[in-house]
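Working notes, beginning with the structure itself.
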Amino acid sequence: MSFLPVEQQLEVIKRGVTEIIPENELIHKLKRSIKTGKPLRVKLGCDPTRPDLHLGHSVILRKLRQFQDLGHHAILIIGDFTATIGDPTGQKKMRPSLTMDEIMENAKTYFDQASRILDAEKTEIVYNSEWLGKMNFSDVIRLASKYTLARMIERDDFTNRYENNEPIALHEFLYPLAQGQDSVHLKSDIELGGQDQKFNLLVGRDLQKIDEQEPQVCLMMPLLVGTDGSAKMSKSYDNYIGIDEPSNDMYGKLLKVPDELIYTYFELISDVPIDELPAIKEKAEKDPRNAKHDLALTITRMYYDAKTAQDAREHFEKTIIKKDVPDDIPEFPQQTGSYRLIELIRSVGFAPSNGEARRLIQQGGVSADGNQIKDVNTEIHIDTETDFVLKVGKRKFGRIICE
RNA sequence: GGGGAGAUACCAAAGUGGCCAACUGGGGCAGACUGUAAAUCUGUUGUCUUUCGACUUCGCAGGUUCGAAUCCUGCUCUCCCCA
């Protein structure tokens, strides 16, 4: 195995990172791997409680992919065992524990999605129940004895929760230890994590030292800010862009990103080469409109292809900018007869209840073939000639035809 | 082990017998506007109902009352203080 020179590797590795602890050990490890031809073992733990990956997750997965491309060995740990504990990291509340069946199901989904970013062939997948599940109670106590309470409660989220009178279960203290034990077991050289994982990654270092291993280097990536421009991207804040969202949605949501984030997104989640970044930064400042379309096009292309991305762009231009009807609209065949508009809106799934449908009409959000309908009592007659486009809100289109 | 506080809609948080389907803020949705699905402004935000109105909802289960989110009893969960 031959590797790029240290400097070149570092350039790739350091793209977007917030912190490398410690950098000199990383350089040392890289030099050694070049000398011995032995790839570094790069570990990434994943949480199988939330299988829907979004662009926020892609930050760290892309970093792992970059290590793969540099010739290093990627280890993806499915935290099946730790998921049964519930991970408190960065959460206000403790997560519910899952059953093994749910976890295995989630882990599969996770890997399927992660494969769109990682080189799946070259990724070693391990389940931490393999070793954690074999520990008996005295092993656990011995592990727990290696850390002190004072060090545990250094962690911000524990402190905050404690001050806010929120419950912290004892087992939550075991989570960082379990994750650290993963590093010991796998003899990892590098562990990747979000900035919020810093504490857990450092525990891994400590436990490796106690075990007289060479400690891992901790590499933290920033948390990607979501489409709202304030909170980190997360499903619970509804500011996320899923990696398997339809291309049109992906494109549209990317345009919603605040201008200040355009460059960050390029840096962290796009595959544009490093030497193009400065020009992008300049464009993002001078011409945010087009830079953002470039971003949307780039990211959509990464998860689909160039043509699909282009189509998404046209779809957006047409529906949002020109307020035109999109090209391909789902058809909703109806049986001949007379329907109340409210019922029709609900039955095609454009509103969850009749009340909601009524409200949408009253607020002027409903139109048929471009003509706004404001009368709540409108009746629609369906016969063989029927063919019109029902629009509800900004984005819901449906062609109503006779069955 | 002892004492105290609390659980309200998606989230936060008022309400302490009828004026409560429940103040307010956030979020969501819609409209206007916009390069944008951003920002801003306006409206809206339990279900059924054209209106009137009816029904379900304030941790869970019972009870008191003409009437309960509000009072009583039991249960579950959480937090704080003392030990």
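Just so we're on the same page: letters track the sequence lines, and every chain starts at 1. Basis for what follows: all heavy atoms, side chains included, without hydrogens, waters or symmetry-related copies.
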Within the 4.0 Å heavy-atom criterion, would you say A:Glu343 contacts the bases, only the backbone, or no part of the nucleic acid?
sugar-phosphate
Where does the angle between the aromatic ring planes of A:Tyr240 and A:His54 fall among parallel (under 30°), tilted (30 to 60°) and perpendicular (over 60°)?
tilted
State yes or no: are the ring centers of A:His72 and A:Phe3 separated by less than 6.0 Å?
yes
Among residues 252-262 of chain A, which contact RNA chain B at a heavy-atom distance under 4.0 Å?
A:Gly252, A:Leu255, A:Lys256, A:Asp259
So does A:Lys122 have more than 12 non-hydrogen atoms from other groups sitting under 6.0 Å from NZ?
no
Salt-bridge test for A:Glu282 and A:Lys286: reply yes if a basic N is under 4.0 Å from a carboxylate O, no otherwise.
yes
Taking for each residue the nucleotide of RNA chain B with the nearest heavy atom, is it A:Pro352 or A:Gln362 whose nucleotide lies nearer the 5' end?
A:Pro352
Would you please classify the geometry between the A:Phe316 ring and the A:His293 ring as parallel, tilted or perpendicular, with 30° and 60° separating the classes?
perpendicular
Pairing of A:Asp311 and A:Lys307 as salt bridge, 4.0 angstrom limit
yes
Counterpart base for B:G17, defined by Watson-Crick or G-U wobble contacts under 3.5 Å:
none
Whole-Å P distance, B:G27 and B:C82:
39 Å
Of A:Lys394 and A:Ile342, the one whose nearest nucleotide on RNA chain B sits closer to the 5' end is A:Lys394
Every protein N/O lying under 3.5 Å from an N/O of nucleotides 77-81 of chain B:
unit_1, atom_1, unit_2, atom_2, d
B:C79, O2', A:Asn165, ND2, 3.3

Is any side-chain N of the basic residue among A:Glu19 and A:Lys14 closer than 4.0 Å to the acidic one's carboxylate O?
no
Checking N1-N3 plus N6-O4 or O6-N4 for Watson-Crick, or N1-O2 and O6-N3 for wobble, each under 3.5 Å, the partner of B:G1 is B:C82
I'd like a table of atom pairs between the protein and nucleotides 43-45 of chain B - only N or O on both sides, under 3.5 Å - with the distance next to each one.
unit_1, atom_1, unit_2, atom_2, d
B:G43, N2, A:Gln363, OE1, 2.8
B:G43, N2, A:Gln363, NE2, 3.4
B:G43, N3, A:Gln363, OE1, 3.2
B:U44, O4', A:Gln363, OE1, 3.1

The reported gap from CG in A:Leu219 to CD1 in A:Ile60 (rounded to nearest 0.5 angstrom) is 7.0 Å
Between B:C11 and B:G46, how far is it from one P atom to the other, in whole Å?
15 Å
Restricting to non-hydrogen atoms, name the atom on A:Trp131 and the atom on A:Val126 that form the minimum distance, rounded to 0.1 Å.
CH2-CG2, 3.9 Å
Between B:U40 and B:G59 - P atom distance, rounded Å
34 Å
Can you run down the salt bridge (charged side-chain N to carboxylate O under 4.0 Å, His left out) pairs that involve residues 129-140 of chain A, sequence neighbours left out, and say none if there aren't any?
A:Asp139-A:Arg142
For the pair made of NE2 in A:His315 and P in B:U36, what is the distance, rounded to whole Å?
15 Å
Provide the distance between the two C1' atoms, one in B:U57 and one in B:C52, to the nearest whole Å.
23 Å
Strand contacts (RNA chain B) in residues 370-381 of chain A, 4.0 angstrom heavy-atom criterion:
A:Asn377
Taking only heavy atoms on the protein side, list every residue of residues 280-302 of chain A lying under 4.0 Å from any atom of RNA chain B, sorted numerically.
A:Arg289, A:Lys292
